[in-house]
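The structure appears right after this line, and notes come after that.
Counting starts at 1 for both ligands and their atoms, in listed order.
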Amino acid sequence: MQIQSQFSLKRYNTFGIDAKARAFIAVNSVDELRQVLQDHNHEKKFILGGGSNMLLTQDIDALVIHVNLKGKRIVQEDDDFVWVECQAGENWHAFVLWTLEQNFGGLENMSLIPGNVGTTPVQNIGAYGSEIKDTMTQCEAMKIADGILHIFTNADCHFGYRESIFKQEAKDQYIITSVTFKLTKRNHTIKTGYGDIQAELAKNEISQPTIQDVSRAVIAIRQSKLPDPKELGNSGSFFKNPVISKADFEQVQQKFPEVKFFPVSENQVKVPAGWLIEQAGFKGMRVGDAGVHKNQALVLVNYGNAKGAEILALSQNIQNTVREKFGISIEAEVNVI
Ligand code: EPU
């Protein structure tokens, strides 16, 4: 374990922002992690996973701990299901592909989401009709204060739409070290209900899709809409889709009859922020090296050397304009640091 000072985090965040850490260390095991926490217990610490859900607007005056725990193993199985524990530092998409090679079902709709496994429960990642909460049985996390490992069951995590206990009561108190998923070995549940999946399968003349077919369809859709962080810095959806009351929605609908929406409950409706942002005129906009993606207005991008503060300013401009035009507040999904 080696501590590096004044370390550039450009390669460690998918936005590709060149912010510096006062000190940086990568840990490769749970014991190393505990040791670092003990040795630096009075120092300010910042935990870094895959760096795929944050916007760095300043240098980090803390010891940045990069969780690099690797490995996966089957912890239990029966005829129908398998329980797989994956270490926090594994790349999410590589893990999904591995499960599909074993013909384990459950994660295929979440193919190609950037980031590492350890951060997936934090915001209950989801796409194309699946969320982590549908398959995660538990995760293990180390308490920063004392280095003790705790198990959080699915129920303990208080999952909601892009929400969990790790963004609320337990924020900044734990480091997730591994996540366990219960996956199907046979009789897989094929979820093709979400918008474009069926169209993509039909295009390839697939009428009885396998979990691998669903994964390939999701990959194709994502590649056509969402920028690859390796080519264009971004953090996926920058905003959450706002959930508003039906009464408020009806007012919007009166003025904008073409507004898109998904019913959430009896009295609530989710409005796609991408639609609102596009209608507000921001899709494809570029200000210096900060921009709004041309194919999906929910995604902000770094064309090269944007500062975090420039992307933040653009995001605030978007929020204000959407509020003025539609009377709807949209909230950032990424953590602004
Ligand atoms: N739309 C527009 N303009 C745009 C983008 C979208 O009009 O620029 C409209 C679309 O036409 C569609 C609706 O908005 O009618 C929804 O669009 P889409 O299906 O692309 O999904 P989304 O709601 O914009 C969410 C997630 C994505 C996830 C997709 C697919 C959030 C904040 N985002 O996007 O998640 O991949 O659904 O399930 O919930 C991420 O979290 O990083 C992410 C990419």
Side-chain angles (χ1 to χ4, degrees), residues 13-15 49-55 92-93 96 107-116 119-134 159-164 167 191-200 214-215 217-229 232-244 249 252-253 256-264 268-285 291-301 315 318-319 321-322 325-326 328-335:
N13 70 100
T14 60
F15 251 126
S52 62
N53 199 40
M54 60 184 211
L55 176 65
W92 170 256
H93 181 58
V96 173
L107 305 181
E108 56 281 355
N109 292 50
M110 293 179 284
S111 298
L112 212 60
I113 295 182
N116 288 354
T119 37
T120 59
V122 177
Q123 51 151 344
N124 180 25
I125 65 162
Y128 303 101
S130 290
E131 288 180 320
I132 277 296
K133 74 166 170 54
D134 306 331
F159 286 130
Y161 166 57
R162 298 293 195 275
E163 273 299 342
S164 79
K167 281 175 108 176
K191 287 191 193 168
T192 59
Y194 193 95
D196 303 337
I197 295 189
Q198 260 158 21
E200 183 65 32
V214 172
S215 168
V218 167
I219 290 172
I221 299 166
R222 289 189 72 101
Q223 283 175 337
S224 72
K225 279 195 184 174
L226 297 168
D228 179 350
L232 187 60
N234 75 89
S235 207
S237 301
F238 192 89
F239 301 100
K240 288 194 214 180
N241 287 330
V243 176
I244 61 173
F249 176 71
V252 176
Q253 205 176 24
F256 304 93
E258 69 287 12
V259 61
K260 302 246 167 60
F261 66 99
F262 313 103
V264 173
Q268 287 188 309
V269 169
K270 194 189 272 184
V271 184
W275 185 87
L276 297 169
I277 298 167
E278 181 172 346
Q279 298 304 310
F282 286 96
K283 195 170 185 171
M285 182 184 276
V292 181
H293 189 52
K294 62 181 193 319
N295 297 335
Q296 165 54 291
L298 201 48
V299 178
L300 303 190
V301 296
S315 79
I318 292 172
Q319 284 172 317
T321 312
V322 166
K325 189 171 164 101
F326 298 100
I328 297 178
S329 297
I330 53 172
E331 206 185 296
E333 190 205 301
V334 304
N335 296 315

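- Remark: the Ser215 side chain and the Ser111 side chain contain an N/O donor-acceptor pair separated by less than 3.5 Å.
- For atom 29 (C) of ligand 1, the closest heavy atom belonging to the protein is Tyr194 OH, 4.3 Å.
- In terms of heavy atoms, Ala220 sits closest to Glu200 at CB-OE2, 3.4 Å.
- Of all the atoms in ligand 1, the ones that sit under 4.0 Å from a non-hydrogen atom of Lys225 are 18 (P), 19 (O), 20 (O).
- Looking only at distances, no side-chain donor or acceptor of Asn124 sits under 3.5 Å from a matching main-chain atom of Glu131.
- When Ser237, Pro114, Gly236, Ala273 are checked for heavy-atom proximity to atom 44 (C) of ligand 1, Ser237 turns out nearest.
- Checking side-chain atoms of Asn13 against main-chain N and O of Met54 turns up no donor-acceptor pair under 3.5 Å.
- Looking at Ala127 against ligand 1, both its backbone and its side chain come within 4.0 Å, counting heavy atoms.
- Among the atoms of Ser235, none of the N or O lies under 3.5 angstrom from an N or O of ligand 1.
- By the definition of a contact as any protein heavy atom under 4.0 Å away, atom 5 (C) of ligand 1 is in contact.
- Interface atoms of ligand 1 facing Lys283, defined by a heavy-atom separation under 4.0 Å, are 3 (N), 4 (C), 8 (O).
- Within the model, atoms CD1 of Ile244 and CZ of Phe261 stand 10.5 Å from one another, a figure rounded to the nearest 0.5 Å.
- Below 4.0 Å from some heavy atom of Arg162 lie the following atoms of ligand 1, by number and element: 26 (C), 27 (C), 31 (C), 33 (N), 35 (O), 39 (O), 40 (C), 41 (O), 43 (C).
- Cation-pi geometry between Lys191 and Tyr128 is not met: the NZ or CZ atom fails to fall both under 6.0 Å from the ring centre and inside 45° of the normal.
- Of all atoms in ligand 1, listed by their number and element, those nearer than 4.0 Å to a heavy atom of Pro272 are 13 (C), 14 (O), 16 (C).
- In this structure, His293 falls outside the shell of residues with a heavy atom less than 4.0 angstrom from ligand 1.
- Heavy-atom contacts of Ala297 reach the following atoms of ligand 1: 4 (C), 8 (O) (cutoff under 4.0 Å).
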From CA spacing to verdict: salt bridge (Lys or Arg N to Asp or Glu O under 4.0 Å), Glu333, Lys240: CA-CA 5 Å; Glu333 190 205 301; Lys240 288 194 214 180; over 6 Å; no
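- When atom types are taken as modelled, the side chain of Asn53 and the backbone of Gly51 share no donor-acceptor pair closer than 3.5 angstrom.
- Checked by atom type and distance alone, the side chain of Ser130 never pairs as donor or acceptor with a backbone atom of Ala127 at under 3.5 Å.
- The ligand atoms of ligand 1 that sit less than 4.0 angstrom from a heavy atom of Leu298 are 24 (O), 32 (C), 33 (N), 34 (O).
- Under a 4.0 Å criterion applied to the non-hydrogen atoms of Tyr161, ligand 1 contributes the atoms 31 (C), 32 (C), 39 (O).
- For atom 3 (N) of ligand 1, the choice among Arg222, Glu278, Glu131 with the nearest heavy atom turns out to be Glu278.
- Scanning the protein for heavy atoms near atom 9 (C) of ligand 1, the closest one is Trp275 CB, 4.2 Å.
- Counting atoms of ligand 1 from 1 in the listed order, those under 4.0 Å from a heavy atom of Phe239 are 32 (C).
- One distance of note links NZ of Lys225 with NE2 of His293; it measures 10.5 Å at 0.5 Å rounding.
- Summary of contacts: the protein heavy atom closest to atom 15 (O) of ligand 1 is Lys260 CD, 3.1 Å.
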